Amino acid sequence: MYRNAVLIGIIVSLTFVITGTIWLSHSDETLDRVARQIGAKESPIWNPPMPNYELPGYEGKAIISVLVGFISAVFVLGVSLIVGRALRKGTNARGRDKFC
Amino acid sequence: MHIPDGFLDYSVCAVTYAGSLLFWALSFRKARGNLTDRQVPLMATLTAMFFAVQMMNYPIIEGTTAHLLGGPIVALTLGPYAGMISMTIILMIQALFFGDGGITTLGANVWNMGVIGVFTPYLVFMAVTKIWKSEKGLLTGAFVGAFIGDVLAAMFAGLELGLSTIFPYSVLIAVTAMGIHHSVIGIGEGIVTAGVIKILQTSRPDLLQFSIIRPKMQQAAGRAGGT
């Protein structure tokens, strides 16, 4: 179960990353549109290492974006496993009946 | 729907951070010790999957785009508390590494997508299936819950923007615009959620949180579905 679920998660995530990067990457959300119309600008207090899911210096290169997306999804999976394991502590048979 | 830094007044940021902190504390307290061995890899898989899903933008109205949230599915499979933690992991990594959503607005984004977008679908689903104990009720609950969750999350984003001075529009206009635009993606989220719940209910009902706490309803759905 454990290994299969992780494997499925990686494969499905890769599929979504490829689809999202190559075919459905154009983002112009309602909020972005309105902000542009009224001239509102973002004022970030933090410089993210990979803005807009792109590696600095490799902007617009689909294969790099797919790699960034995939590695990030695996990273998210790892973080969630660690958090999930921490939440699992002390789980017993009765735990399944609880509202979690 | 990710609100970047600079779009919300600090007072709005503070209130939404306070609300989200309250739900973080509650969720960690309720979820701790309650995730089963099966739910841990499922939580990791769904979190990674919806992180990737949120990279996909679908055209909606007037050339604008939107993405699925994933909140309804994590709520119905992991429960709302673990689901909220799952969405928080996604939103924090998006903000810290990719600048998708701000740091000062993280509380607002977690409130919209992690609290409203997770708890609403769950509560609507539970209410619908309590009244309508059949497979149709199950699918309707999943669809309606996901739809209302998405639209309500967008309307909250509109409310926060409307209350902030940077946007010259009234609260009513901001809430209405966000709600109408995201109702399209809400329909998509509803269809995907109902589809996934149907598949899991048929093949792996043990993975669904509601099947753990609603065994009678699950049996009714199983009979109705001929399983």
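In what follows, every chain begins at residue 1, and chains take the letters A, B, ... in the order their sequences are listed. This one's a predicted model, so the numbers in the text were calculated from it and none came from an experiment.
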With L81(A) as reference, evaluate V40(B), T45(B), T47(B) under the side-chain contact (heavy atoms from CB on, under 4.5 Å) test and give the passing residue.
V40(B)

Can you label the angle between the Y53(A) ring and the F98(B) ring as parallel, tilted or perpendicular, going by 30° and 60°?
parallel

Contact part of A174(B) toward chain A, heavy-atom cut-off under 4.5 Å: side chain, backbone, both or neither?
neither

Tell me, out of V34(A), V74(A), N47(A), who's got the most heavy-atom pairs with chain B below 4.5 Å.
V34(A)

Once rounded to the nearest 0.5 Å, what's the spacing between atom CE of M43(B) and atom CZ of R88(A)?
12.0 Å

CE of M92(B): more than 12 outside heavy atoms within 6.0 angstrom?
no

When rounded to the nearest 0.5 angstrom, what distance separates OG in S80(A) from CZ in F50(B)?
12.5 Å

Please examine the side chains of D100(B) and P48(A), heavy atoms only from C-beta on, and report whether any two atoms are closer than 4.5 Å.
no

Quick check on F51(B) against chain A: is it the side chain, the backbone, both or neither that has a heavy atom closer than 4.5 Å?
side chain

So which residue, T105(B), I60(B), V53(B), L46(B), ends up with the most heavy-atom pairs under 4.5 Å with chain A?
V53(B)

More than 12 heavy atoms of other residues, nucleotides or ligands under 6.0 Å from OH of Y58(A): yes or no?
no

Here's a test for you: under side-chain contact (heavy atoms from CB on, under 4.5 Å), which of M55(B), M49(B), Q54(B) qualifies with F16(A)?
M49(B)

Out of I82(A), N52(A), V17(A), L31(A), return the one with the most heavy atom pairs under 4.5 angstrom to chain B.
L31(A)

What are the two closest non-hydrogen atoms of S13(A) and A52(B), and how far apart are they?
O-CB, 3.6 Å

Is there any residue in residues 36-46 of chain A with a non-hydrogen atom under 4.5 Å from a non-hydrogen atom of chain B, and which ones are they?
I38(A), A40(A), K41(A), E42(A), S43(A), P44(A), I45(A), W46(A)

How about N57(B) and E29(A): do any of their side-chain heavy atoms sit closer than 4.5 Å?
yes

Give, as side chain, backbone, both or neither, the part of I166(B) having an atom under 4.5 angstrom from any heavy atom of chain A.
both

How about residues 59-72 of chain A versus chain B: which residues have heavy atoms under 4.5 Å apart?
V68(A), G69(A), S72(A)

